[in-house]
Amino acid sequence: MNIDTVLEELGLAPDALRSGALAVHSPIDGSMIARLEPADAVQLDAALDRAQAAFLHWRDVPAPRRGELVRLFGEELRTHQAALGRLVSIESGKILAEGAGEVQEMIDICDFAVGLSRQLHGLTIASERPGHRMMETWHPLGVVGVVSAFNFPVAVWAWNAALALVCGDTLVWKPSERTPLSALACRALFERACARFGAVPEGVLEVGIGGREAAERLADEHRVALLSATGSCAMGRSLAPRVAARLGRSLLELGGNNAIVVAPSADLDLAARAILFSAVGTAGQRCTSARRLIVHAALRETLLTRLRSACASVRIGDPLDPATLMGPLIGRESFEAMQAALAAARAEGGTVFGGERVLAERWPDAWYVRPALVDMPAQTATVRRETFAPILYVLGYTTLDEAIALHNAVPQGLSSAIFTNDLREAERFLSAAGSDCGIANVNIGTSGAEIGGAFGGEKDTGGGRESGSDAWKAYMRRATNTINYSAELPLAQGIRFGD
């Protein structure tokens, strides 16, 4: 895998990553690629101190100047896109095209944030009092704690980091313990950008390697003004109450049990391609992966036949081989969870196609599987649970109302899609009476969101929004200002107090 060469290109010394209590394994073949020492409580406390001290300086730097640092970081990412994308693939198991694509997302959000640095606009508000003006201003918030997941080890952090930095915040990043090398590489590239920028206070970006305890420490810490956490619904339920207990802010990006509805007028060629990528991209380990397919009864058998053929033809193997379309699951526990879900689906009357382990003889310590297509008689308890694996449950419907009801009858609410050439069906799906997800698409799949739109979902998905649109407001505090430029002191609502 030539990981030492990749690490050196990204500014990391391989020999310094060979001792420590945390063993890092590549899901490609199960081999150990690094050993790191997790940050203990004292080290994490010191990192928070540095981040808080840095914030007091960084907040006074003009926002367009802060944007210049993000621009330089984007340049470093452009220069090292291939190397960082390859490291992402080695650590997470996603194919090379997806690894490079994830770094491209980082570049894109840097570009977005640079423009944003000159557009952190407030409002001018009409005052009811003569000689008064009201306005709204936005100010840097503080230290932002970021807890990221293995499946997007760098892009989701960058969504947070690029916006937080131009908003005047500093960062403490707790990456997944499965993908810490990617985080260390990002920090090394960021330090190169800082060296070019000059006068960046120490502590603007801190990285704390660790597991659950480190995430909980960030959740409990009053110095963390905003905790942005990406992961499972269970993780969100654990961390969110801890943040709420100190009346802190949290931004949660949690699970998704995403569905695609295929209507009678759908272009089946278009739908089949989109469904396949949505279901098997990143080996079904995206929060936006398609997990349910709700197909009109008239198309069900035809589409099932197409999808069986497509799933059987997916090239599974080494994600560093450009011809591979699907790499491994992240580890054994993911494989076991997938098999348990398939067994439960069979017990509930489902017919399973695929889902078996492959390439075990070549890589006994890695967990490659065929994507599973499961024809279900109803939306059972198993279907309503998210399993982070390439399983696509297929359900039928006869009316659009029935399809929308099935679609919305799960706890999660992240991403959704409908394939239709009927304008009324499309608009109904996007309406208040349609999909209850944070992302609702027409004639594209559930995966592959662009950075220009706000990313996030409802219900058990957590309600957070990252990336584009006005997601930047989560990283700032709002102030309403009233200026009296008269010689009088009228009160609001016509109140008279004294003479």
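Small disclaimer: the values here were computed from a predicted structure and weren't measured.
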Sequence neighbours excluded, the answer for side chain to side chain contact (heavy atoms under 4.5 Å, CB included) partners of Leu270 is Asp267, Arg273, Phe419, Asn443
When you check the gap from the basic side-chain N to the acidic O, do Asp111 and Arg78 get nearer than 4.0 Å? yes
Taking all heavy atoms of Ala185 and all of Leu84, pick out the closest pair and write down the distance. CB-CD1, 4.0 Å
Heavy atoms of other groups near Arg308 CZ, more than 12 under 6.0 Å: yes
Does the pair Arg362/Asp29 count as a salt bridge with the N-to-O cut at 4.0 Å? no
Member of Val154, Asp108, Ile107 meeting the side-chain contact (heavy atoms from CB on, under 4.5 Å) criterion with Leu77: Ile107
Using the test side-chain hydrogen bond (donor to acceptor under 3.5 Å, both in side chains), find all partners of Arg66 that sit at least two apart in sequence or belong to another chain. none
Among all residues two or more places apart in sequence or in another chain, which pass the salt bridge (Lys or Arg N to Asp or Glu O under 4.0 Å) test with Glu301? none
To the nearest 0.5 Å, what is the distance between SG on Cys311 and CE on Met326? 9.0 Å
Taking Glu386 for its side chain and Gly256 for its backbone only, find out whether a donor-acceptor pair lies under 3.5 Å. yes
Only one of Thr282, Thr288, Asn258 forms a side chain to side chain donor-acceptor pair (under 3.5 Å) with Ser447, so which one is it? Thr288
Salt bridge (charged side-chain N to carboxylate O under 4.0 Å, His left out) pairs touching residues 435-460, sequence neighbours excluded, are Arg237-Asp460, Asp436-Lys459, Glu458-Arg465
How long is the straight-line distance from CG of Leu184 back to CG of Leu189, given to the nearest 0.5 Å? 11.0 Å
Does NZ or CZ of Lys94 come closer than 6.0 Å to the centre of the six-membered ring of Phe152, within 45° of the ring's axis? yes
The complete set of ring pair (Phe, Tyr, Trp, His ring centres under 6.0 Å) pairs with one or both residues in residues 289-311, sequence neighbours excluded, reads His296-Tyr397
With sequence neighbours left out, write down each residue that passes side chain to side chain contact (heavy atoms under 4.5 Å, CB included) with Ser435, or none if nothing qualifies. His407, Ser416, Phe429, Cys437, Ala440
Ionic contact status for Glu98 with Arg286, cut-off 4.0 Å: yes
What is the distance from atom CG of Leu205 to atom CG of Leu165, rounded to the nearest 0.5 Å? 7.5 Å
With a 6.0 Å cut-off (strictly less than), is the heavy-atom count around CZ of Arg212, excluding the residue itself, greater than 12? no
Distance alone, cut at 3.5 Å: any donor-acceptor contact between the side chains of Thr420 and Ser265? yes
